[in-house]
S.K.: 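Once you've had a glance at the structure underneath, I'll fire off some questions.
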Amino acid sequence: MADQTKKRSLYIRQFQFSDIDDVVALLKKAYPTMPTMAPENLRGPLSRYPEGQFVAILDEAIIGVCLTFRISQSIALKPHSWAEITGNGFASRHDPDGSVLYGMEVAVDPDVRGLKIGQRLYDARKKLAREQGLKGIVFAGRMPGYGRRRRRFPTPEAYLEAAQDRRVRDSVIGFQLRNNFEPVQILHDYLPSDKESFGCAVLMQWHNPDIANTEETKGIHRSRVSGRPVRVATVQMEMRAVDSFEEFIKNVAYFTEVASDYRSDFVVFPELFTLQLLSAEPKKLTPQEGIEALTRYAEQFRETMRDLAMRYNINIIGGSTPVRMEGGDVKNITYVFLRDGAVHAQDKIHPTPNERFWWNIKGGTEVAAIPTDCGMIGVLICYDSEFPELARRLVDQGALILFVPFCTDERQSYLRVRYCAQARAVENQSYVVMAGNVGNLPNVENMDIQYAQSCILTPCDFPFARDGIAADTTPNAETVAFADLHLDDLVRARNSGTVTNLKDRRFDLYHIDWERK
């Protein structure tokens, strides 16, 4: 009789973006009494150091996860908290030239027993450290037995000594000792939410046996951002009267084809450039009537722009357009059309006073970095670029390029956006690409005149353009500007630049708390 038993599969593989929701659920299950990482946190290590993130798979279900990043040994061995060393859970202190692997998180499904999942994940970390020529692995391990034994052992140091001497059994510390990790010191207030450990952790180190640890070893920089530069095109588009949606798309397709002919990876259009469609209406509409009419084009716009991205093999940052949501609110949304057919949406978080008054536009509630074939990107729609916490949120999630579609009526308005966009490039050591409208639409309320000088901005340091401008356009002229952006330069600037804004943040003093709706 044939064996009817189903063959089970258990293996370790790299963590992927499509796994994020399952991993969040696993973390909540593994640590039900503690705050756990959110999806945006997980995008950080995935984008910065994809080869350092692993999941354990049992019968196609995720039952374990471990997250790591690279950092210098000297920093890793100094006293620190979890929030400080991980950049509040975004792995934002990852250094591609770091000499050790830092263990940021490990979790195993509590329903899975006897399969040595934790051992397999630790082995994957060790294999990675040896492959990349690192000095070793450092992490801070929990002390789950300490909290209930504090009367017997008044200090965590005394408890650790007892665990090492096997006078008490701590499952976590014992597991790490068996894996050849050596205690370095106790970290007080490492993770205050870990009540079982009373907030304490044991700083542990494993030495790579392949490396002579008497010298600083720098390993090999292996990053998904290495290789050829990313070419971006910004379209400074004239607002013109059109007779139909087809005529509008014909103009958009022209610029898309130009950007594609120049082998661009991205082309970005201005905010609210779809308002040209209101010129095709048979009569002049009030602002409220105009926005209502424009929302009816949303689905047709999405489908047509998606086809353009695939046809011309280019990622399109589709300006922005008003969209009526299921609940009835109207939002100003940028759609990102990737050349593989995927479509992402980013709401404008802060509608301007004019948008709120004339069009009753409502703000969104989330900014999320978007994975593309050229690395992680983010979108800040015009006014949103004037709020630095939004850009920092995207960069913490791994965004290297921030796209800013904007729409401004006169020079002062434009300069507010321009100066803030340059500040975002400097403080986040990222590229910022701006695209604005020019020209006039006399018969469209609240969109009479436009002023723009679109540009591609860089940080201000030696690898970049002298004035922090990779490319710009002639003010108020319809045109396209191109620039090649070297993402490796950002990585080098963030880790060894004249100033290192991202690394030098005081994680021990401040961070951003994002309210969940």
Side-chain angles (χ1 to χ4, degrees), residues 6-39 41-46 49-69 82 85-86 89 91 101-129 137-148 163 168-181 183 187 190-191 193-206:
K6 181 179 178 182
K7 185 178 180 180
R8 307 190 77 187
S9 61
L10 173 60
Y11 56 95
I12 305 295
R13 65 162 170 79
Q14 281 193 348
F15 185 5
Q16 301 169 0
F17 281 97
S18 58
D19 299 327
I20 285 179
D21 288 343
D22 291 337
V23 168
V24 169
L26 170 65
L27 291 172
K28 291 179 179 178
K29 185 176 182 181
Y31 302 113
T33 63
M34 296 167 56
T36 54
M37 299 174 74
N41 293 116
L42 296 172
R43 295 187 193 107
L46 276 175
Y49 188 44
E51 61 266 47
Q53 323 312 324
F54 302 98
V55 290
I57 307 294
L58 175 63
D59 298 336
E60 305 310 314
I62 293 178
I63 58 167
V65 62
C66 79
L67 308 175
T68 69
F69 58 91
W82 184 86
I85 197 74
T86 67
L101 203 63
Y102 191 92
M104 178 173 168
E105 180 68 276
V106 169
V108 176
D109 189 325
D111 293 338
V112 179
R113 306 294 182 190
L115 297 178
K116 299 185 182 299
I117 303 304
Q119 182 68 62
R120 294 169 191 260
L121 293 170
Y122 271 60
D123 288 346
R125 279 180 173 174
K126 290 179 179 179
K127 181 181 178 183
L128 176 65
I137 302 172
V138 177
F139 67 89
R142 300 180 64 231
M143 309 171 65
Y146 173 60
R148 64 179 182 271
V168 298
R169 183 179 182 277
D170 187 293
S171 59
V172 176
I173 295 176
F175 172 77
Q176 292 156 354
L177 293 173
R178 291 192 300 273
N179 272 277
N180 298 318
F181 281 88
L187 298 179
Y190 178 75
L191 190 63
S193 61
D194 185 1
K195 303 303 182 184
E196 289 181 316
S197 306
F198 219 74
C200 299
V202 185
L203 188 63
M204 295 275 196
Q205 182 173 22
W206 172 81

S.K.: Would you indicate whether the side-chain heavy atoms of V202 and Y146 approach each other to under 4.5 Å?
M.R.: no

S.K.: I'd like to check Q53 versus C66 (side-chain heavy atoms, cut-off strictly below 4.5 Å). Are they in contact?
M.R.: no

S.K.: To the nearest 0.5 angstrom, please state how far the CG atom of D22 sits from the CD atom of E60.
M.R.: 11.5 Å

S.K.: Give a yes or no on whether F198 atom CZ has more than 12 heavy-atom contacts from other residues, nucleotides or ligands under 6.0 Å away.
M.R.: no

S.K.: Drop me the distance from M34's CE to L27's CG, to the nearest 0.5 angstrom.
M.R.: 10.0 Å

S.K.: Using the side chain to side chain contact (heavy atoms under 4.5 Å, CB included) rule, pick out the option among L42, L67, T36 that qualifies with V23.
M.R.: L42

S.K.: Side chain to side chain donor-acceptor pair (under 3.5 Å) with D19: which residues, sequence neighbours excluded?
M.R.: R13

S.K.: With a 4.5 Å cut-off on side-chain heavy atoms, are K126 and N179 touching?
M.R.: yes

S.K.: Considering non-hydrogen atoms only, spot the tightest contact between A124 and I12 and give its length.
M.R.: CB-CG2, 4.2 Å

S.K.: Just how far is it from atom CH2 of W82 to atom CZ of R142, taken to the nearest 0.5 Å?
M.R.: 13.5 Å

S.K.: Can you confirm whether N41 sits close enough to T86 that some side-chain heavy atom of one is under 4.5 Å from a side-chain heavy atom of the other?
M.R.: no

S.K.: With heavy-atom distances below 4.5 Å as the criterion, would you say the side chains of P183 and L177 are in contact?
M.R.: yes

S.K.: Please name the pair of heavy atoms, one in G52 and one in L128, separated by the smallest distance, quoted to 0.1 Å.
M.R.: CA-CD2, 3.5 Å

S.K.: Any side-chain heavy atom of F139 sitting closer than 4.5 Å to one from T68?
M.R.: no

S.K.: Find the distance between CG (D123) and CZ (F54) and round it off to the nearest 0.5 Å.
M.R.: 11.0 Å

S.K.: Should the pair R125 and Y122 be classed as cation-pi, given the thresholds of under 6.0 Å to the six-membered ring centre and 45° from the axis?
M.R.: yes

S.K.: Rounded to the nearest 0.5 Å, how far apart are CZ of F15 and CG of L46?
M.R.: 4.5 Å

S.K.: Do Q119 and F175 pass the side chain to side chain contact (heavy atoms under 4.5 Å, CB included) test, and can you show the C-alpha distance, the side-chain angles, and the key distance before you say yes or no?
M.R.: CA-CA 9 Å; Q119 182 68 62; F175 172 77; 3.9 Å; yes

S.K.: Are F181 and I137 close enough, and set up right, to give a side chain to side chain contact (heavy atoms under 4.5 Å, CB included), and what steps lead you there?
M.R.: CA-CA 9 Å; F181 281 88; I137 302 172; 4.0 Å; yes

S.K.: I need the Y31 OH to L26 CG distance, nearest 0.5 Å.
M.R.: 9.0 Å

S.K.: Provide the closest heavy-atom pair for I20 versus R43 in the form atom of the first, atom of the second, distance.
M.R.: CD1-CG, 3.8 Å

S.K.: At their closest point, which heavy atom of V108 faces which heavy atom of G118, and how far apart are they?
M.R.: CG2-N, 4.0 Å

S.K.: Kindly give the heavy-atom pair with the smallest separation between I117 and A56, and that separation in Å.
M.R.: CG2-CB, 3.7 Å

S.K.: Please report the closest heavy-atom contact between M143 and C200, naming both atoms and the distance.
M.R.: SD-CB, 4.0 Å

S.K.: Show the numbers, then the answer: is there a side chain to side chain contact (heavy atoms under 4.5 Å, CB included) between I62 and I57?
M.R.: CA-CA 5 Å; I62 293 178; I57 307 294; 3.5 Å; yes

